[in-house]
2 protein chains.
Amino acid sequence: MSDLLGRLRGRGWRMTSQRRVVAEVLDGDHVHLTADEVHLRAAARLPEISRATVYNTLGELVALGEVLEVSTVGRAKRYDPNARNPHQHLVCSGCGTVRDVHPVGNAIGDLPEEERFGFAVGSVEITYRGLCPGCA
Amino acid sequence: MSDLLGRLRGRGWRMTSQRRVVAEVLDGDHVHLTADEVHLRAAARLPEISRATVYNTLGELVALGEVLEVSTVGRAKRYDPNARNPHQHLVCSGCGTVRDVHPVGNAIGDLPEEERFGFAVGSVEITYRGLCPGCA
DNA sequence: ATCCTACGATGGACTTCGTCCAAGTCAAGA
DNA sequence: TCTTGACTTGGACGAAGTCCATCGTAGGAT
């Protein structure tokens with residue numbers, strides 16, 4: 001993530017203060033913010049930034065593959081900047097905390113041909129659920 | 001699913017025409033309706049049924065473990081009545097269609113101890129993504 | 001069979017999350 | 001520095017879902 005700005009510039013992204021701030025907010029490991037949290041933190045540095053811009057920028061980062069959308073049942077989407085490091089998620093059923101994890105094995109390979117129904121399977125998302133030490 | 005009504009009655013559910021209709025709509029394999037679709041189909045049989053009742057009933061069925069919520073990024077939740085038969089999902093990135101699938105292997109076992117961060121991991125959800133034959 | 005009452009249904013307002021759009025602004029190449 | 005088209009803005013809009021006061025009724029009690 002540290003050189004995200006450089007990579008984006010290399011892809012012809014017009015660099016604006018808004019985009020810089022959003023990218024800076026999405027920095028680090030185990031960061032899983034909602035769009036609203038991103039907006040809140042971005043607004044701390046750039047008070048007049050609009051919600052629409054945050055949504056636009058997050059959408060572009062997702063399209064560029066720099067950020068992943070994490071689906072959390074029933075809640076707002078979360079954005080995970082750790083897209084360049086393939087990983088899965090471990091979610092606490094109590095408090096909703098999310099950790100990045102790295103299971104071994106090949107989950108796509110585990111899906112038999114006759115279970116694919118002609119789909120071109122491109123990716124797999126795995127979500128482990130359980131109680132974190134604090135909630136147990 | 002066929003004896004869902006009996007099981008529910010056995011748990012002390014008050015049986016109403018609305019609940020019966022919702023339960024009947026959620027019948028069969030590979031059924032993954034959104035709340036709105038459930039409402040639409042229920043209303044075909046019971047025109048005055050309200051959206052709130054459909055949401056309430058779906059929520060109760062989920063709480064009772066008779067129905068699963070399937071999270072689909074960016075779209076409405078879908079409800080899967082096949083909860084008693086453990087399975088995973090294959091989702092079309094184009095049209096959102098969902099199929100039940102049964103991967104081989106042991107996904108929970110694939111998560112190394114040092115990647116569990118002290119969590120008591122109880123379940124795992126796997127979502128395969130790709131394009132269905134129609135969308136490819 | 002009928003009566004009672006607590007549980008369930010209703011529908012409309014409200015909230016949350018997200019998208020769209022027309023107008024204004026500005027990064028960066030000429 | 002000038003120009004221009006890409007970017008930002010904020011408010012309206014929309015979809016999905018929740019809440020709540022009120023009404024209706026399933027099913028036990030009589």
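Basis for what follows: all heavy atoms, side chains included, without hydrogens, waters or symmetry-related copies. Below, read A as the first sequence line, B as the second, and so on, with proteins coming before strands; counting in each chain starts at 1.
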Could you report the tightest heavy-atom contact between [X] and [Y], atom names first, then the distance?
| X | Y | result |
| --- | --- | --- |
| V91(B) | F119(A) | C-CE2, 4.0 Å |
| G118(A) | P133(B) | O-CG, 3.6 Å |
| Y128(B) | A107(A) | OH-O, 2.9 Å |
| A83(B) | L68(B) | CB-CG, 3.8 Å |
| L64(A) | R11(A) | O-NH1, 3.2 Å |
| V62(A) | E69(A) | CG2-CG, 3.9 Å |

Measure from [atom1] on [X] to [atom2] on [N] and round the result to the nearest Å.
| X | N | atom1 | atom2 | result |
| --- | --- | --- | --- | --- |
| L8(A) | dC7(D) | CG | P | 12 Å |
| L40(A) | dC17(C) | CG | P | 12 Å |
| D36(B) | dA16(D) | CG | P | 6 Å |
| L46(A) | dC7(D) | CG | C1' | 13 Å |
| E60(B) | dC7(C) | CD | P | 13 Å |
| R78(B) | dG17(D) | CZ | C1' | 16 Å |
| L58(A) | dC17(C) | CG | C1' | 13 Å |

For [N] and [X] - does any side-chain N or O of the residue sit under 4.0 Å from the phosphate oxygens OP1/OP2?
| X | N | value |
| --- | --- | --- |
| Q18(A) | dT9(D) | yes |
| Y55(B) | dG17(D) | yes |
| R19(A) | dT8(D) | yes |

Could you measure the distance from the OG1 atom of T57(B) to the NE2 atom of H39(B)? Nearest 0.5 Å is fine.
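The distance works out to 11.0 Å.
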* To do: State, with a plain yes or no, whether a side-chain heavy atom of R19(B) is found less than 4.5 Å away from one of V22(B).
  =>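 A side-chain contact is absent here, since even the closest heavy-atom pair is not under 4.5 Å.
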Please tabulate, one pair per line, each protein N/O and nucleotide N/O from nucleotides 11-15 of chain C that are separated by under 3.5 Å, including the distance.
{"residue": "dG11(C)", "atom": "OP2", "partner": "E48(B)", "partner atom": "O", "Å": "3.4"}

- Specify whether H87(B) and H102(B) have parallel, tilted or perpendicular ring planes, treating 30° as the upper limit for parallel and 60° as the lower limit for perpendicular.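 Correct class here is tilted.
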message: Is it true that N82(A) and H32(A) share a donor-acceptor pair across their side chains at a distance under 3.5 Å?
response: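 Checked: H32(A)/N82(A) side chains show no N/O donor-acceptor pair below 3.5 Å.
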For the helix from dA1(C)-dT30(D) to dA30(C)-dT1(D), how many degrees between its two end axes (five pairs per end), to the nearest 10°?
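Nearest ten degrees gives 30° for this helix.
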Check nucleotides 24-30 of chain D against the protein and report each pair of N or O atoms closer than 3.5 Å, with its distance, or say if there are none.
{"residue": "dA26(D)", "atom": "O3'", "partner": "M15(B)", "partner atom": "O", "Å": "3.2"}
{"residue": "dG27(D)", "atom": "OP1", "partner": "M15(B)", "partner atom": "N", "Å": "2.9"}

Original post:
Does CZ in R41(A) sit with more than 12 non-hydrogen atoms of other residues, nucleotides or ligands closer than 6.0 Å?
Top reply: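 Open: at most 12 neighbouring heavy atoms sit under 6.0 Å from CZ of R41(A).
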